[in-house]
Amino acid sequence: MKPSIPKGTRDFLPKQVNKRNYIFRTIEGVFKLYGYVPIETPSFENIDTLTGKYGDEGDQLIFKILNSGDYLAGVDREELAEISSGKLADSIAGKALRYDLTVPFARYVVQHQNDLTFPFKRYQIQPVWRADRPQKGRYREFYQCDVDVIGSASLHNEVELIQIIDQVFSELGVSDFKIGINHRKILAGLAEGLSIESNFNDLVTAIDKWDKIGEEGVTKELSSKGLGGEAITAVMKYAKSSSLSHIGDILQNTKGERGMEEVNMILTELENLGVSSCAFNASLARGLSYYTGTIIEVIADGFSGSICAGGRYDDLTGIFGMKDISGVGVSFGADRIYDLMEERQLFPSDTNVSTELMFANFGAEEASFCLSLLKEVRVAGIVAELYPDAAKMKKQFSYADAKHIPYVALVGADEMAKNELTLKNMASGEQRTINSSDLVKELKR
RNA sequence: GUGGUUGUAGCUCAGUUGGUUAGAGCACCUGGUUGUGGUCCAGGGGGUCGUGGGUUCAAGUCCCAUCUUCCACCCCA
(Lines give C-alpha, C1' and ligand atoms only; values in the text may rest on other atoms or scores of the structure.)
Protein backbone atom coordinates (compact mmCIF):
# COMPACT_ATOMS: atom_id res chain seq x y z
CA MET A 1 0.00 0.00 0.00
CA LYS A 2 1.31 3.39 -0.97
CA PRO A 3 1.34 5.70 2.06
CA SER A 4 -0.62 8.90 1.71
CA ILE A 5 -2.59 11.41 3.74
CA PRO A 6 -5.98 12.96 2.96
CA LYS A 7 -6.26 15.92 0.64
CA GLY A 8 -5.46 19.24 2.28
CA THR A 9 -3.68 17.74 5.31
CA ARG A 10 0.04 17.77 6.04
CA ASP A 11 2.71 15.94 7.97
CA PHE A 12 5.30 18.10 9.68
CA LEU A 13 9.02 17.45 9.91
CA PRO A 14 10.80 18.16 13.21
CA LYS A 15 12.14 21.45 11.82
CA GLN A 16 8.68 22.54 10.84
CA VAL A 17 7.17 21.60 14.18
CA ASN A 18 9.82 23.65 15.96
CA LYS A 19 8.99 26.67 13.83
CA ARG A 20 5.27 26.19 14.33
CA ASN A 21 5.78 25.92 18.07
CA TYR A 22 7.70 29.17 17.97
CA ILE A 23 4.63 30.86 16.50
CA PHE A 24 2.29 29.25 19.02
CA ARG A 25 4.53 30.16 21.96
CA THR A 26 4.85 33.76 20.83
CA ILE A 27 1.12 34.18 20.35
CA GLU A 28 0.26 32.42 23.59
CA GLY A 29 2.74 34.56 25.48
CA VAL A 30 1.03 37.74 24.32
CA PHE A 31 -2.43 36.36 25.10
CA LYS A 32 -1.37 35.54 28.64
CA LEU A 33 0.19 38.94 29.11
CA TYR A 34 -3.20 40.56 28.63
CA GLY A 35 -4.90 38.29 31.15
CA TYR A 36 -6.53 35.74 28.88
CA VAL A 37 -6.89 32.16 30.11
CA PRO A 38 -6.77 28.97 28.06
CA ILE A 39 -9.63 26.63 27.30
CA GLU A 40 -10.03 23.64 25.03
CA THR A 41 -13.08 22.13 23.38
CA PRO A 42 -13.55 18.79 21.62
CA SER A 43 -12.43 18.41 18.03
CA PHE A 44 -15.96 17.42 17.09
CA GLU A 45 -19.30 18.80 18.19
CA ASN A 46 -22.90 17.74 17.84
CA ILE A 47 -23.71 18.68 14.30
CA ASP A 48 -26.60 20.96 15.33
CA THR A 49 -24.14 23.10 17.26
CA LEU A 50 -22.34 23.97 14.05
CA THR A 51 -24.87 24.02 11.22
CA GLY A 52 -26.58 27.26 10.35
CA LYS A 53 -23.91 29.46 11.96
CA TYR A 54 -21.67 30.12 8.99
CA GLY A 55 -24.17 30.70 6.20
CA ASP A 56 -25.17 28.24 3.49
CA GLU A 57 -21.68 28.16 2.00
CA GLY A 58 -20.19 27.47 5.39
CA ASP A 59 -22.53 24.55 6.08
CA GLN A 60 -21.26 22.87 2.93
CA LEU A 61 -17.72 23.02 4.25
CA ILE A 62 -18.38 21.28 7.55
CA PHE A 63 -16.82 17.81 7.80
CA LYS A 64 -19.52 15.42 8.97
CA ILE A 65 -18.77 12.31 10.95
CA LEU A 66 -20.57 9.14 10.01
CA ASN A 67 -22.50 7.65 12.94
CA SER A 68 -20.97 4.55 14.45
CA GLY A 69 -22.69 1.20 14.28
CA ASP A 70 -25.45 0.56 11.79
CA TYR A 71 -25.78 4.12 10.59
CA LEU A 72 -28.52 3.23 8.14
CA ALA A 73 -30.72 1.72 10.87
CA GLY A 74 -32.67 4.91 11.38
CA VAL A 75 -33.12 5.64 7.69
CA ASP A 76 -36.35 4.71 6.00
CA ARG A 77 -35.27 2.10 3.44
CA GLU A 78 -38.11 2.95 1.09
CA GLU A 79 -37.20 6.60 1.06
CA LEU A 80 -33.51 5.87 0.72
CA ALA A 81 -33.70 5.66 -3.05
CA GLU A 82 -35.07 9.16 -3.48
CA ILE A 83 -33.69 10.90 -0.40
CA SER A 84 -31.37 13.84 -1.11
CA SER A 85 -27.79 13.53 0.04
CA GLY A 86 -28.25 16.58 2.26
CA LYS A 87 -31.19 15.02 4.03
CA LEU A 88 -29.43 11.68 4.26
CA ALA A 89 -26.46 13.38 5.90
CA ASP A 90 -28.74 14.69 8.64
CA SER A 91 -29.87 11.21 9.52
CA ILE A 92 -26.52 9.39 9.33
CA ALA A 93 -24.19 12.04 10.78
CA GLY A 94 -24.87 13.38 14.24
CA LYS A 95 -21.40 14.83 14.82
CA ALA A 96 -19.09 17.08 12.86
CA LEU A 97 -15.52 18.39 13.12
CA ARG A 98 -15.40 21.96 14.35
CA TYR A 99 -15.26 24.59 11.62
CA ASP A 100 -13.88 27.37 13.80
CA LEU A 101 -13.28 28.07 17.48
CA THR A 102 -15.82 30.85 17.94
CA VAL A 103 -19.08 28.91 17.69
CA PRO A 104 -17.88 26.08 19.96
CA PHE A 105 -16.77 28.83 22.34
CA ALA A 106 -20.27 30.32 22.40
CA ARG A 107 -21.65 26.86 23.18
CA TYR A 108 -19.02 26.43 25.90
CA VAL A 109 -19.87 29.77 27.51
CA VAL A 110 -23.56 28.95 27.70
CA GLN A 111 -22.92 25.45 28.99
CA HIS A 112 -20.44 26.53 31.68
CA GLN A 113 -21.87 29.94 32.55
CA ASN A 114 -22.05 29.09 36.24
CA ASP A 115 -18.36 28.29 36.37
CA LEU A 116 -17.15 31.34 34.49
CA THR A 117 -16.53 34.89 35.64
CA PHE A 118 -17.67 37.54 33.22
CA PRO A 119 -16.35 39.33 31.31
CA PHE A 120 -14.66 36.08 30.35
CA LYS A 121 -11.34 36.45 28.56
CA ARG A 122 -10.18 33.22 26.98
CA TYR A 123 -7.70 32.05 24.42
CA GLN A 124 -7.78 28.80 22.50
CA ILE A 125 -5.20 27.31 20.16
CA GLN A 126 -6.53 24.24 18.38
CA PRO A 127 -6.99 22.86 14.88
CA VAL A 128 -10.15 23.34 12.85
CA TRP A 129 -11.32 21.54 9.72
CA ARG A 130 -12.96 22.72 6.54
CA ALA A 131 -14.01 20.56 3.59
CA ASP A 132 -12.74 23.18 1.19
CA ARG A 133 -10.71 22.64 -1.95
CA PRO A 134 -7.12 23.22 -0.90
CA GLN A 135 -5.12 25.96 -2.60
CA LYS A 136 -2.49 28.51 -1.76
CA GLY A 137 -2.71 29.36 1.93
CA ARG A 138 -5.74 27.16 2.36
CA TYR A 139 -5.73 23.81 4.09
CA ARG A 140 -8.44 21.41 5.18
CA GLU A 141 -6.88 21.10 8.61
CA PHE A 142 -5.31 24.16 10.15
CA TYR A 143 -4.74 25.85 13.49
CA GLN A 144 -6.53 28.89 14.73
CA CYS A 145 -5.33 30.91 17.69
CA ASP A 146 -8.39 32.65 19.08
CA VAL A 147 -8.65 35.38 21.71
CA ASP A 148 -12.10 36.51 22.73
CA VAL A 149 -13.70 38.43 25.52
CA ILE A 150 -17.33 37.68 26.10
CA GLY A 151 -19.78 39.43 28.39
CA SER A 152 -18.62 42.98 27.80
CA ALA A 153 -19.74 45.45 25.18
CA SER A 154 -16.97 47.91 26.00
CA LEU A 155 -14.84 49.16 23.15
CA HIS A 156 -11.81 48.77 25.40
CA ASN A 157 -11.93 45.14 24.34
CA GLU A 158 -11.56 46.05 20.69
CA VAL A 159 -8.69 48.35 21.54
CA GLU A 160 -7.01 45.63 23.56
CA LEU A 161 -7.40 43.02 20.84
CA ILE A 162 -5.85 45.35 18.29
CA GLN A 163 -2.98 45.99 20.70
CA ILE A 164 -2.54 42.23 20.96
CA ILE A 165 -2.47 41.87 17.18
CA ASP A 166 0.07 44.66 16.91
CA GLN A 167 2.26 43.09 19.56
CA VAL A 168 2.07 39.56 18.15
CA PHE A 169 3.16 40.56 14.67
CA SER A 170 5.81 42.88 16.00
CA GLU A 171 7.25 40.09 18.13
CA LEU A 172 7.16 37.67 15.21
CA GLY A 173 9.05 40.17 13.12
CA VAL A 174 6.35 40.64 10.48
CA SER A 175 7.02 44.29 9.77
CA ASP A 176 4.53 45.31 7.12
CA PHE A 177 1.24 44.00 8.50
CA LYS A 178 -1.81 46.20 8.27
CA ILE A 179 -4.80 46.00 10.59
CA GLY A 180 -7.99 47.14 8.91
CA ILE A 181 -11.15 47.86 10.84
CA ASN A 182 -14.70 48.61 9.90
CA HIS A 183 -18.10 48.23 11.50
CA ARG A 184 -21.12 46.20 10.53
CA LYS A 185 -23.34 49.09 11.64
CA ILE A 186 -21.65 51.31 9.10
CA LEU A 187 -22.45 48.78 6.41
CA ALA A 188 -25.97 48.35 7.79
CA GLY A 189 -26.37 52.13 7.81
CA LEU A 190 -25.24 52.25 4.21
CA ALA A 191 -27.81 49.62 3.25
CA GLU A 192 -30.51 51.43 5.23
CA GLY A 193 -29.73 54.78 3.65
CA LEU A 194 -30.05 53.26 0.21
CA SER A 195 -33.10 51.18 1.17
CA ILE A 196 -31.38 47.98 0.14
CA GLU A 197 -31.55 46.20 3.52
CA SER A 198 -32.83 43.03 1.85
CA ASN A 199 -29.60 42.86 -0.12
CA PHE A 200 -27.38 43.36 2.92
CA ASN A 201 -25.52 40.08 2.52
CA ASP A 202 -24.96 40.70 -1.18
CA LEU A 203 -23.63 44.12 -0.31
CA VAL A 204 -21.25 42.71 2.28
CA THR A 205 -19.78 39.98 0.07
CA ALA A 206 -19.45 42.33 -2.90
CA ILE A 207 -17.76 45.14 -0.99
CA ASP A 208 -15.40 42.70 0.66
CA LYS A 209 -13.97 41.83 -2.76
CA TRP A 210 -13.06 45.44 -3.48
CA ASP A 211 -9.33 44.97 -3.07
CA LYS A 212 -9.42 41.94 -5.32
CA ILE A 213 -11.77 42.79 -8.17
CA GLY A 214 -11.90 46.57 -7.92
CA GLU A 215 -14.63 49.05 -8.71
CA GLU A 216 -15.61 47.44 -11.98
CA GLY A 217 -15.92 43.96 -10.49
CA VAL A 218 -17.95 45.10 -7.51
CA THR A 219 -20.25 47.16 -9.74
CA LYS A 220 -20.84 44.13 -11.93
CA GLU A 221 -21.55 41.89 -8.97
CA LEU A 222 -23.97 44.31 -7.31
CA SER A 223 -25.72 44.87 -10.59
CA SER A 224 -26.16 41.13 -11.05
CA LYS A 225 -27.82 41.02 -7.63
CA GLY A 226 -30.39 43.50 -8.84
CA LEU A 227 -29.16 46.75 -7.34
CA GLY A 228 -30.06 49.95 -9.18
CA GLY A 229 -27.54 52.33 -10.69
CA GLU A 230 -28.13 55.03 -8.11
CA ALA A 231 -27.49 52.67 -5.21
CA ILE A 232 -24.38 51.29 -6.89
CA THR A 233 -23.00 54.78 -7.45
CA ALA A 234 -23.47 55.52 -3.75
CA VAL A 235 -21.82 52.23 -2.75
CA MET A 236 -18.85 53.07 -5.01
CA LYS A 237 -18.50 56.44 -3.42
CA TYR A 238 -18.60 54.79 -0.02
CA ALA A 239 -16.09 52.06 -0.85
CA LYS A 240 -13.63 54.56 -2.27
CA SER A 241 -13.63 56.61 0.90
CA SER A 242 -10.36 56.46 2.70
CA SER A 243 -11.45 57.97 5.99
CA LEU A 244 -14.40 58.22 8.31
CA SER A 245 -14.96 61.88 7.53
CA HIS A 246 -15.48 61.05 3.86
CA ILE A 247 -18.38 58.73 4.53
CA GLY A 248 -20.17 61.03 6.95
CA ASP A 249 -22.43 62.57 4.36
CA ILE A 250 -23.40 59.19 2.91
CA LEU A 251 -24.36 57.76 6.27
CA GLN A 252 -26.82 60.09 7.83
CA ASN A 253 -28.78 57.65 9.94
CA THR A 254 -28.46 56.42 13.50
CA LYS A 255 -27.03 53.02 12.64
CA GLY A 256 -24.32 54.39 10.43
CA GLU A 257 -23.47 57.18 12.80
CA ARG A 258 -23.27 54.80 15.71
CA GLY A 259 -20.83 52.60 13.81
CA MET A 260 -18.69 55.55 12.80
CA GLU A 261 -18.63 56.81 16.35
CA GLU A 262 -17.40 53.45 17.64
CA VAL A 263 -14.70 53.12 15.00
CA ASN A 264 -13.63 56.64 15.75
CA MET A 265 -13.36 55.95 19.46
CA ILE A 266 -11.28 52.84 18.85
CA LEU A 267 -8.92 54.64 16.49
CA THR A 268 -8.52 57.55 18.88
CA GLU A 269 -7.59 55.24 21.73
CA LEU A 270 -5.11 53.40 19.54
CA GLU A 271 -3.55 56.63 18.46
CA ASN A 272 -3.08 57.61 22.11
CA LEU A 273 -1.40 54.27 22.68
CA GLY A 274 0.92 54.79 19.74
CA VAL A 275 -0.48 51.87 17.73
CA SER A 276 -0.08 53.03 14.15
CA SER A 277 -0.67 49.77 12.27
CA CYS A 278 -4.46 50.06 12.42
CA ALA A 279 -6.65 52.08 10.07
CA PHE A 280 -10.25 52.37 8.96
CA ASN A 281 -11.00 50.44 5.77
CA ALA A 282 -14.40 51.15 4.19
CA SER A 283 -14.20 48.16 1.84
CA LEU A 284 -13.60 45.67 4.64
CA ALA A 285 -16.81 43.70 5.21
CA ARG A 286 -16.09 40.03 6.20
CA GLY A 287 -18.29 37.17 5.13
CA LEU A 288 -19.25 35.44 8.36
CA SER A 289 -22.83 36.23 9.18
CA TYR A 290 -22.58 36.40 12.97
CA TYR A 291 -20.64 39.67 13.13
CA THR A 292 -22.71 42.65 14.27
CA GLY A 293 -20.21 45.34 15.27
CA THR A 294 -16.54 46.04 14.76
CA ILE A 295 -14.83 43.88 12.15
CA ILE A 296 -11.08 43.41 12.00
CA GLU A 297 -8.77 41.92 9.40
CA VAL A 298 -4.99 41.78 9.18
CA ILE A 299 -3.10 41.47 5.93
CA ALA A 300 0.58 41.60 5.01
CA ASP A 301 1.81 43.40 1.93
CA GLY A 302 2.09 41.12 -1.06
CA PHE A 303 0.74 38.09 0.77
CA SER A 304 -2.59 36.71 -0.37
CA GLY A 305 -5.30 36.16 2.21
CA SER A 306 -5.74 37.45 5.71
CA ILE A 307 -3.46 36.26 8.50
CA CYS A 308 -5.74 37.28 11.34
CA ALA A 309 -9.38 38.30 11.44
CA GLY A 310 -12.34 38.73 13.74
CA GLY A 311 -15.00 41.00 15.03
CA ARG A 312 -17.84 41.61 17.46
CA TYR A 313 -20.83 39.31 17.68
CA ASP A 314 -23.72 40.55 19.78
CA ASP A 315 -25.76 37.44 20.09
CA LEU A 316 -23.87 34.28 19.25
CA THR A 317 -24.80 32.78 22.62
CA GLY A 318 -28.47 33.55 22.00
CA ILE A 319 -28.96 30.47 19.84
CA PHE A 320 -27.73 28.36 22.75
CA GLY A 321 -30.14 30.05 25.14
CA MET A 322 -28.17 32.86 26.73
CA LYS A 323 -29.42 36.24 25.60
CA ASP A 324 -27.77 39.64 25.45
CA ILE A 325 -24.18 38.57 25.83
CA SER A 326 -21.87 40.49 23.53
CA GLY A 327 -18.47 39.16 22.60
CA VAL A 328 -15.56 40.19 20.47
CA GLY A 329 -12.55 38.25 19.34
CA VAL A 330 -9.96 37.66 16.70
CA SER A 331 -8.36 34.55 15.26
CA PHE A 332 -4.76 34.22 14.14
CA GLY A 333 -4.22 31.84 11.22
CA ALA A 334 -1.10 30.04 12.39
CA ASP A 335 -0.56 28.14 9.15
CA ARG A 336 -0.72 31.25 6.99
CA ILE A 337 1.54 33.09 9.40
CA TYR A 338 3.95 30.16 9.03
CA ASP A 339 3.84 30.38 5.24
CA LEU A 340 4.39 34.13 5.39
CA MET A 341 7.31 33.86 7.80
CA GLU A 342 8.89 31.05 5.79
CA GLU A 343 8.56 33.07 2.61
CA ARG A 344 10.26 36.04 4.24
CA GLN A 345 12.74 34.00 6.28
CA LEU A 346 11.60 35.54 9.53
CA PHE A 347 12.20 32.53 11.77
CA PRO A 348 15.06 32.98 14.22
CA SER A 349 17.90 30.56 13.59
CA ASP A 350 17.70 29.07 17.08
CA THR A 351 14.23 27.55 16.67
CA ASN A 352 15.95 24.28 15.83
CA VAL A 353 18.59 23.86 18.51
CA SER A 354 18.97 20.18 19.15
CA THR A 355 21.57 17.82 20.55
CA GLU A 356 24.87 19.51 21.45
CA LEU A 357 26.82 16.43 22.45
CA MET A 358 26.65 12.82 21.36
CA PHE A 359 28.45 9.94 23.02
CA ALA A 360 29.60 7.35 20.55
CA ASN A 361 28.72 3.81 21.49
CA PHE A 362 31.63 1.36 21.71
CA GLY A 363 29.76 -1.51 23.28
CA ALA A 364 27.77 -2.48 26.37
CA GLU A 365 30.44 -1.70 28.97
CA GLU A 366 31.56 1.61 27.48
CA ALA A 367 27.99 2.75 26.86
CA SER A 368 27.10 1.97 30.43
CA PHE A 369 30.07 4.03 31.58
CA CYS A 370 28.86 6.96 29.44
CA LEU A 371 25.48 6.96 31.12
CA SER A 372 26.72 8.66 34.27
CA LEU A 373 28.59 11.24 32.19
CA LEU A 374 25.41 11.81 30.19
CA LYS A 375 23.47 12.43 33.36
CA GLU A 376 26.08 14.92 34.49
CA VAL A 377 26.03 17.01 31.31
CA ARG A 378 22.24 16.97 31.23
CA VAL A 379 22.12 18.27 34.79
CA ALA A 380 24.32 21.10 33.50
CA GLY A 381 21.63 21.85 30.93
CA ILE A 382 23.46 20.50 27.91
CA VAL A 383 21.34 18.60 25.42
CA ALA A 384 23.08 15.26 25.06
CA GLU A 385 22.45 11.76 23.83
CA LEU A 386 24.13 8.39 23.55
CA TYR A 387 24.06 6.59 20.20
CA PRO A 388 21.86 3.62 21.09
CA ASP A 389 23.65 0.89 19.16
CA ALA A 390 27.28 -0.19 19.08
CA ALA A 391 27.34 0.45 15.35
CA LYS A 392 30.37 1.19 13.23
CA MET A 393 31.99 4.54 13.91
CA LYS A 394 31.33 5.60 10.35
CA LYS A 395 27.61 5.15 10.89
CA GLN A 396 27.62 6.87 14.26
CA PHE A 397 29.52 9.85 12.91
CA SER A 398 27.24 10.06 9.89
CA TYR A 399 24.30 10.23 12.26
CA ALA A 400 25.91 13.04 14.28
CA ASP A 401 26.70 14.86 11.07
CA ALA A 402 23.18 14.54 9.68
CA LYS A 403 21.77 15.85 12.97
CA HIS A 404 24.27 18.73 13.04
CA ILE A 405 25.48 17.71 16.47
CA PRO A 406 28.50 19.94 17.17
CA TYR A 407 30.40 17.63 19.57
CA VAL A 408 30.99 13.91 19.69
CA ALA A 409 32.52 12.26 22.75
CA LEU A 410 34.48 9.06 22.28
CA VAL A 411 34.86 6.82 25.29
CA GLY A 412 36.47 3.51 24.40
CA ALA A 413 38.36 1.05 26.55
CA ASP A 414 41.49 3.25 26.73
CA GLU A 415 39.67 6.41 27.78
CA MET A 416 37.49 4.49 30.20
CA ALA A 417 40.52 3.04 31.99
CA LYS A 418 42.02 6.49 32.50
CA ASN A 419 38.67 8.18 33.21
CA GLU A 420 39.18 10.28 30.11
CA LEU A 421 37.30 10.96 26.91
CA THR A 422 38.11 12.15 23.43
CA LEU A 423 36.04 15.16 22.45
CA LYS A 424 35.70 15.90 18.76
CA ASN A 425 34.57 19.24 17.37
CA MET A 426 32.58 18.26 14.31
CA ALA A 427 32.83 21.61 12.56
CA SER A 428 36.61 21.99 12.78
CA GLY A 429 37.41 18.29 12.88
CA GLU A 430 39.88 18.73 15.71
CA GLN A 431 39.73 16.45 18.71
CA ARG A 432 41.52 16.13 21.99
CA THR A 433 41.53 13.93 25.01
CA ILE A 434 40.45 15.44 28.32
CA ASN A 435 39.69 14.24 31.79
CA SER A 436 36.02 13.32 31.93
CA SER A 437 35.46 15.55 34.94
CA ASP A 438 36.32 18.54 32.72
CA LEU A 439 33.65 17.73 30.14
CA VAL A 440 31.01 20.23 31.25
CA LYS A 441 33.58 22.95 31.69
CA GLU A 442 34.95 22.24 28.24
CA LEU A 443 31.53 22.39 26.58
CA LYS A 444 30.51 25.58 28.35
CA ARG A 445 33.58 27.33 27.11
C1' G B 1 -19.40 22.84 -5.79
C1' U B 2 -17.12 25.17 -10.95
C1' G B 3 -12.76 25.69 -14.31
C1' G B 4 -7.71 24.55 -15.31
C1' U B 5 -3.24 21.78 -13.97
C1' U B 6 -0.12 17.69 -12.15
C1' G B 7 1.25 12.42 -11.19
C1' U B 8 7.65 7.90 -13.57
C1' A B 9 12.59 5.03 -7.40
C1' G B 10 12.21 7.67 -0.52
C1' C B 11 13.01 13.07 -2.90
C1' U B 12 13.78 16.28 -7.50
C1' C B 13 13.11 15.07 -12.38
C1' A B 14 14.61 12.89 -17.77
C1' G B 15 12.15 9.36 -20.96
C1' U B 16 12.17 11.06 -28.91
C1' U B 17 6.67 10.09 -34.17
C1' G B 18 3.74 4.43 -29.41
C1' G B 19 8.78 -0.18 -30.37
C1' U B 20 13.27 -4.88 -27.03
C1' U B 21 15.37 -5.27 -20.34
C1' A B 22 12.27 2.50 -17.88
C1' G B 23 17.10 6.17 -16.61
C1' A B 24 19.91 10.32 -13.87
C1' G B 25 21.11 13.23 -9.54
C1' C B 26 20.30 13.24 -4.40
C1' A B 27 19.12 9.90 -0.34
C1' C B 28 19.84 4.83 1.51
C1' C B 29 22.94 0.16 2.13
C1' U B 30 27.94 -2.41 1.55
C1' G B 31 33.13 -2.05 0.88
C1' G B 32 37.85 0.91 0.30
C1' U B 33 38.99 2.61 6.52
C1' U B 34 37.89 -3.62 12.84
C1' G B 35 38.11 4.17 16.73
C1' U B 36 36.10 8.99 12.92
C1' G B 37 31.36 12.39 9.70
C1' G B 38 31.07 16.27 6.07
C1' U B 39 35.20 15.25 0.26
C1' C B 40 36.63 10.96 -2.94
C1' C B 41 36.43 5.83 -5.29
C1' A B 42 33.99 0.96 -6.23
C1' G B 43 29.63 -1.81 -5.82
C1' G B 44 24.35 -2.64 -4.38
C1' G B 45 19.07 -2.57 -3.19
C1' G B 46 14.81 -0.05 -4.58
C1' G B 47 9.57 1.03 -9.96
C1' U B 48 2.56 -3.46 -11.12
C1' C B 49 5.28 4.45 -14.62
C1' G B 50 -1.28 7.29 -9.27
C1' U B 51 -5.52 3.67 -9.99
C1' G B 52 -9.16 1.22 -13.19
C1' G B 53 -10.78 0.45 -18.04
C1' G B 54 -10.07 1.07 -23.47
C1' U B 55 -7.41 1.50 -28.49
C1' U B 56 -3.12 -1.29 -30.64
C1' C B 57 0.81 -6.71 -32.93
C1' A B 58 2.97 -3.35 -29.14
C1' A B 59 1.21 1.91 -24.15
C1' G B 60 5.30 5.47 -19.25
C1' U B 61 3.79 7.65 -24.20
C1' C B 62 -2.87 7.77 -27.28
C1' C B 63 -8.40 7.81 -25.36
C1' C B 64 -12.09 7.60 -21.14
C1' A B 65 -13.12 7.47 -15.98
C1' U B 66 -11.42 8.10 -11.09
C1' C B 67 -8.11 9.67 -7.21
C1' U B 68 -4.17 13.03 -6.12
C1' U B 69 -1.09 17.81 -6.60
C1' C B 70 -0.99 22.79 -7.47
C1' C B 71 -3.69 27.29 -9.24
C1' A B 72 -8.08 30.29 -9.92
C1' C B 73 -13.46 31.01 -8.76
C1' C B 74 -17.06 30.59 -4.66
C1' C B 75 -15.97 31.23 0.27
C1' C B 76 -12.40 31.74 4.00
C1' A B 77 -7.43 31.66 8.73
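What you see is a predicted model; the values in this text were computed from it and never measured. A, B, ... follow the sequence lines: proteins, then strands. Residue 1 opens every chain.
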Has the side chain of R286(A) got a donor or acceptor that lies under 3.5 Å from a partner of the other kind on the base of rC76(B)? no

- Task: Output yes if the stacking criterion (under 5.5 Å between centres, under 30° between planes) is met for F142(A) over the base of rA77(B), else no.
- Result: yes

Fill in: Ring-face cation of R130(A) near Y99(A) (centre distance under 6.0 Å, axis angle within 45°)
yes

| request: Please measure how far the C1' atom in rA27(B) lies from the corresponding atom in rU33(B), and state the result in whole Å. | output: 22 Å

Next on the checklist: Tell me if the side-chain of Q431(A) makes a donor-acceptor pair with the base of rG37(B), cut-off 3.5 Å, by modelled atom types.
Outcome noted: no

Winner on side-chain proximity to Q135(A), out of rG37(B), rA77(B), rC73(B), is rC73(B)

Checking N1-N3 plus N6-O4 or O6-N4 for Watson-Crick, or N1-O2 and O6-N3 for wobble, each under 3.5 Å, the partner of rG38(B) is none

Strictly below 4.0 Å: does K212(A) bring a side-chain N or O up to OP1 or OP2 of rA72(B)?
no

Donor-acceptor pair under 3.5 Å, D401(A) side chain vs rG37(B) base
yes

inquiry  = Can you check the distance between rA58(B) and rA14(B), where both ends of the measurement are the C1' atom (answer in whole Å)?
reply    = 23 Å

Lys/Arg cation over aromatic F63(A): R140(A), 6.0 Å, 45° cone: no

Between rU36(B) and K424(A), is there an OP1 or OP2 to side-chain N/O distance shorter than 4.0 Å? no

Closest non-hydrogen contact found for K53(A) with Y290(A) is O-CD2, 3.5 Å

Just to confirm, is there a sub-4.0 Å distance from OP1 or OP2 of rC74(B) to any side-chain nitrogen or oxygen of K209(A)?
-> yes

What one should report as the nearest heavy-atom pair of D148(A) and G329(A) is OD2-CA, 3.2 Å

Can you see if the side chain of K7(A) gets near the phosphate of rC70(B) - specifically, an N or O under 4.0 Å from OP1 or OP2? no

* Quick one: does R336(A) reach the base of rC76(B) with a side-chain donor-acceptor pair under 3.5 Å? -> yes

Say we look at rC28(B) and rG35(B): how far apart would their P atoms be, to the nearest angstrom? 22 Å

Problem set entry | Derivation and outcome, side-chain hydrogen bond (donor to acceptor under 3.5 Å, both in side chains), residues N157(A) and S152(A) | CA-CA 8 Å; N157(A) 300 306; S152(A) 163; 2.7 Å; yes

Under a 3.5 Å limit on both distances, the Watson-Crick or wobble mate of rC62(B) is rG54(B)

